[in-house]
Amino acid sequence: MKPEEIERMRDEALDAFAAAGDLDALQAAKVAHTGGTSPLALANREIGALPPQAKAEAGKRIGQARGAVSKALAGRQAELEAERDARVLVEEAVDVTLPHDRVPAGARHPLTTMMERVADVFVSMGYEIAEGPEVEAEWFNFDALNFVPDHPARQTQDTFFVQGTREDGKPTVDDESGIVLRTHTSPVQARALLDRELPVYIVCPGRVYRTDELDATHTPVFHQIELLAIDEGLTMSDLKGTLDHMVKALFGADMKTRLRPNYFPFTEPSAEMDMLCYVCRGESVGNPDKPCRTCSSEGWIELGGCGMVNPRVLVACGVDPEKYSGFAFGFGIERMLMFRHNVEDMRDMVEGDVRFTRPFGMEI
Ligand SMILES: [Zn+2]
């Protein structure tokens with residue numbers, strides 16, 4: 001084991017490290033020149049077979065050579081790592097001044113948030129949310145609610161009938177099938193009374209259908225929210241108090257409602273409910289200097305229909321009208337959104353244009 005041999009092994013290792021262009025090449029050189037089968041390691045293993053004097057000398061020489069090799073390795077390693085880090089900083093830099101191309105986050109439709117806000121008012125009073133099918137049996141949609149068989153609302157000019165199959169396998173036509181797209185959320189009342197234990201306090205938000213053409217004030221698909229309370233001893237004053245609480249919760253503490261007599265098959269007595277105009281608070285009435293567009297200076301806004309549940313409906317749903325009474329009311333969400341936010345064209349609500357929905361904010 002000549003000294004020149006040891007020096008050659010050392011120099012070869014140093015040259016290989018210097019020549020390594022990246023960390024992978026350095027790793028290969030490291031294995032070749034410092035690993036268990038590298039020339040210096042093999043030489044080190046041969047020391048044991050040398051005579052004592054030569055052993056000490058060779059040990060010293062090989063030890064120095066290995067020390068120089070590992071120092072060079074560590075130095076080159078540090079250099080290459082620094083180069084890599086500098087390159088990564090440049091290559092992976094993010095230019096925060098570039099224009100972004102993110103898809104804007106979506107938000108729920110104002111009709112949905114409006115409907116949920118109304119439902120929340122009643123949930124906080126202990127009412128439960130109830131839902132029913134949109135494709136509904138004619139019996140639930142009309143008969144159970146005391147619509148007489150020849151009531152005009154049952155005609156095909158108002159109601160979408162769903163085609164069914166007759167006993168002979170042929171499709172039904174028009175109003176033969178007994179299945180309709182529900183024209184109001186009221187059938188959920190009948191279903192709830194048949195399904196639930198009394199007393200019943202429910203609120204039913206949902207989509208309903210009528211054969212109207214889509215125009216500025218009509219849409220064939222719209223939303224209603226309906227309320228039903230059946231208990232012992234409920235009276236018209238409970239209905240009035242509930243309505244007042246609702247408009248106070250939605251429009252402010254100084255709001256109030258009024259009832260005007262009306263007729264609906266499923267309530268008796270029935271009333272049209274109005275709420276104080278939330279814009280002028282009634283101050284535009286008889287005051288031409290301060291006209292109000294929202295209520296046409298009438299001071300009140302028509303909200304929807306209500307009344308005490310007709311005893312015939314209670315009987316149809318298996319409830320004893322001698323013991324129980326209750327009230328119901330319902331109104332259209334589109335209409336409420338229109339006057340609450342001065343929306344003038346109902347088509348804006350169904351066209352899905354974000355320019356309409358964006359001003360309502362990102363409420364989710
Ligand atoms: Zn007004």
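Order of listing sets the numbers, starting from 1, for every ligand and every atom in it.
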Charged N-O contact under 4.0 Å between R293 and E344: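 Yes, R293 and E344 are salt-bridged.
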Begin with the C-alpha distance, continue with both residues' side-chain angles, and end with the deciding distance and a verdict on ring pair (Phe, Tyr, Trp, His ring centres under 6.0 Å) for F222 and H184. CA-CA 9 Å; F222 57 103; H184 46 184; over 10 Å; no
Grab the two heavy atoms, one from D231 and one from Y324, that are nearest each other, plus how far apart they are.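 So the two residues come closest at C-CD2, 3.6 Å.
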Which count of protein N, O or S atoms is obtained for distances strictly below 2.8 Å from the Zn ion (ligand 1)?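 Near the Zn ion (ligand 1), the number of protein N, O or S atoms below 2.8 Å is 4.
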Salt bridge (charged side-chain N to carboxylate O under 4.0 Å, His left out) against E116, all qualifying residues, sequence neighbours excluded: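 If we apply the salt bridge (charged side-chain N to carboxylate O under 4.0 Å, His left out) test to E116, skipping adjacent residues, the hits are R108.
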Should the heavy atoms of other residues, nucleotides or ligands under 6.0 Å from CD of E131 be counted, would the total exceed 12?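 Open: at most 12 neighbouring heavy atoms sit under 6.0 Å from CD of E131.
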F142 and ring-ring contact (aromatic ring centres under 6.0 Å, His included): which single residue from F266, F161, F147 fits?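 Among F266, F161, F147, the one meeting ring-ring contact (aromatic ring centres under 6.0 Å, His included) with F142 is F147.
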